[in-house]
Amino acid sequence: MVLLLLILLTFGGTVLASSPESTWKSEPVERELAPDALLVRLDRLVNVCVANYEDLTTDLLLGIAIANAQLRTVLKQPLPEQQRQFVESLAKKCDFVESRIESIFSFPSGANAVVSKLLIDSEFWESKGDMSGAVPDRARSRRSRRRRSQLLGDDPQTLMESYLEAIDAGGPSELQSDECLSELLVNESENEFNTTASPTSSGPAAKRLILSRECSAAMSLRKRSYGYHLTHKLLFYIVLGRQRFANVDRSFVADGQRTLCEAILRESGLIAGFDYPDLFRDLFMEQVFLCAFSDAPLTEFTNPAWLAAIVSWQNGEGCFKYYGDEGDGVIGPNALTTHCSTHMTGVGAALLGLFARLQLVQ
C-alpha cells in the first residue's frame with residue numbers, strides 16, 4: 001500500500017483540488033479573504049488567548065509570535081490611519097500573549113523547552129531583507145501541475161487507505177525535530193542557560209553550523225516522509241534559512257524548501273480533493289502555512305479556494321477546533337477551551353497573519 005501511495009503522490013491522483021489558478025475575483029470570496037477581514041479574524045482569535053493567558057501552550061504561543069511578526073512587517077508600510085491603528089492595537093495584544101513564554105520556561109532543560117524559548121519570539125519571524133517577497137518558481141509549479149494532471153484510474157477509497165497507512169511512516173519524529181532545531185538555534189558556544197548571549201563582533205552570519213550525524217540523517221531530503229514528518233522537516237529548513245550560517249549555501253536551503261513543498265503539495269492536493277476530511281484539517285493548515293511562508297513559495301499554496309476553506313473552519317469563538325478535541329463540554333488533551341484546540345488555533349493565527357501580510361506588503 002505504501003508503494004501504491006508513492007506512485008500516486010508522485011504522478012497524481014483521481015481526486016484533485018480546484019485549480020491553483022483560481023482568482024480572487026468572486027466578490028464574496030474577495031470580501032472574506034481581504035486583508036482587513038483576515039485581521040478581524042485574527043483579532044477574535046487573539047482575544048481568546050488574552051482571556052486564557054494562564055493556560056496558553058507553546059504551540060499556540062508560537063503561532064501568535066509568527067502572526068505578530070507579520071503585523072510588524074505590515075506596520076513598516078504606509079497604511080490608512082484607521083487600518084494602522086487597528087494593526088497597532090492587534091500587535092500590542094500579540095505582544096502581551098507572546099510574553100507568556102517568559103513565565104513558562106525560566107530555565108529551559110530539554111530540547112523542546114530550548115526550541116520553544118528561542119522560536120517564540122516575533123523578531124525571529126519578521127521578514128528581513130531579501131527573505132520577504134520571494135518570487136515563486138512558476139516554471140517548477142507548472143511542471144508540478146503537469147505531473148499531477150496525469151490522472152490514474154485508482155479507487156479514491158484505496159488511495160485514502162494508502163495515505164492513512166503511510167502518513168506515520170518516515171521521519172523526523174517530533175522528538176527528533178526538537179533535538180535538531182535546538183542544534184540550529186544553540187551554537188557550540190552556547191548552552192541551555194545562556195541562549196541569549198550576545199553575538200560575537202563578527203556578527204551572527206559568522207556562525208557555522210555543526211549538525212550531528214543523527215540530525216543530518218533525519219533531515220535528509222533523500223529520505224521519504226509524509227504528513228507531519230514532512231512539515232517538521234520543512235520547518236527545520238525554514239529555520240535553517242533564517243540562521244544564515246556561514247557554511248550553509250542559501251540556494252541549497254531554498255532548493256530544499258522547494259523540494260519539500262513539492263512533496264507537500266501532492267499531499268495537500270489529495271486532502272483538498274477529498275474535501276478536507278476533519279482528520280486532515282490541522283495538517284492541511286500547517287502545510288499551507290509553511291509552504292506559503294517558505295523562502296521559495298509555490299503559487300498553489302496561495303490558492304484562494306484553499307484559504308477560503310481554512311477560514312471557514314474558524315468557529316464563532318474565534319478558534320479552530322481539531323476533530324480529536326470534539327465533545328460536548330469536554331476539553332480534549334490538546335484543547336485550550338471547549339472551542340479551541342491549541343495547535344490548530346496556533347497554526348490558524350500564523351496563517352491569518354501571513355495571508356493578510358502577503359496582500360498588504362508588496
Side-chain angles (χ1 to χ4, degrees), residues 24 28-75 79-101 120 122 125 276 278 281-282 284-286 288-289 292-293 304 306-323 325-329 331-332 334-361:
W24 302 67
V29 171
E30 192 173 18
R31 284 196 303 270
E32 190 74 10
L33 305 183
D36 285 345
L38 297 179
L39 290 171
V40 168
R41 286 180 172 276
L42 178 58
D43 186 59
R44 288 168 50 212
L45 186 157
V46 173
N47 285 339
V48 176
C49 297
V50 171
N52 295 275
Y53 182 80
E54 295 296 327
D55 300 318
L56 300 176
T57 66
T58 54
D59 283 350
L60 189 44
L61 289 171
L62 177 59
I64 295 295
I66 295 173
N68 198 7
Q70 311 313 301
L71 299 176
R72 299 198 171 281
T73 301
V74 168
L75 288 171
L79 296 171
E81 186 56 31
Q82 186 173 2
Q83 189 179 53
R84 174 170 293 277
Q85 289 177 0
F86 184 81
V87 175
E88 286 176 343
S89 171
L90 182 50
K92 287 178 181 176
K93 291 181 189 178
C94 288
D95 283 340
F96 173 72
V97 173
E98 193 180 324
S99 70
R100 176 70 175 114
I101 190 61
I120 298 173
S122 53
W125 297 102
Y276 316 101
D278 287 352
R281 287 183 178 183
D282 178 84
F284 182 79
M285 289 171 65
E286 191 168 297
V288 170
F289 167 72
F293 184 76
W306 286 8
L307 181 59
I310 290 169
V311 299
S312 74
W313 305 334
Q314 187 178 23
N315 58 38
E317 300 297 316
C319 286
F320 294 84
K321 187 171 181 180
Y322 185 55
Y323 87 105
D325 289 322
E326 291 293 341
D328 264 338
I331 298 181
N334 300 304
L336 177 66
T337 71
T338 54
H339 306 284
C340 184
S341 300
T342 56
H343 181 270
M344 195 171 182
T345 299
V347 178
L351 194 144
L352 292 170
L354 173 64
F355 277 86
R357 192 262 289 175
L358 289 176
Q359 295 181 70
L360 290 170
V361 179

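Because the structure is predicted, anything quoted here is derived from the model rather than measured. Computed from heavy atoms alone, side chains included, the values below leave out hydrogens, waters and symmetry copies.
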Side chain to side chain, K93 and D43, heavy atoms closer than 4.5 Å: yes
Ignoring hydrogens, what is the shortest heavy-atom contact between A356 and L38? Give both atom names and the distance. N-CD1, 3.8 Å
Does any non-hydrogen side-chain atom of V87 lie less than 4.5 Å from one of L360? no
Would you call D95-K92 a salt bridge at under 4.0 Å N-O? no
I120 and T58: which non-hydrogen atoms are nearest, and at how many Å? CD1-O, 3.6 Å
How about V311 and R41: do any of their side-chain heavy atoms sit closer than 4.5 Å? yes
Would you say the side chain of M285 lies within less than 4.5 Å of the side chain of F320, judging by non-hydrogen atoms? yes
Flag the pair L62 / W125 as yes when at least one side-chain heavy-atom distance between them is below 4.5 Å, and no otherwise. yes
Identify whether the distance between the nearest side-chain nitrogen and carboxylate oxygen of R100 and E54 falls below 4.0 Å. yes
Taking the side chain as everything from C-beta on, heavy atoms only, tell me whether I64 gets closer than 4.5 Å to V46. yes
So which heavy atom on N68 is nearest to which on C94, and how close? CG-CB, 3.4 Å
For Q314 and L45, the nearest pair of non-hydrogen atoms, with its separation, is NE2-CB, 4.1 Å
Using the ring of each side chain (for Trp, its six-membered ring), is Y276 parallel, tilted or perpendicular to F284, with breaks at 30° and 60°? perpendicular
Verify, without hydrogens or angle tests, whether Q359 (side chain) and L33 (backbone) share a donor-acceptor contact under 3.5 angstrom. yes
Student check: side-chain heavy atoms of F86 and V40 closer than 4.5 Å: yes
What heavy-atom pair brings S122 and A69 nearest, and what distance separates the two atoms? O-CB, 3.2 Å
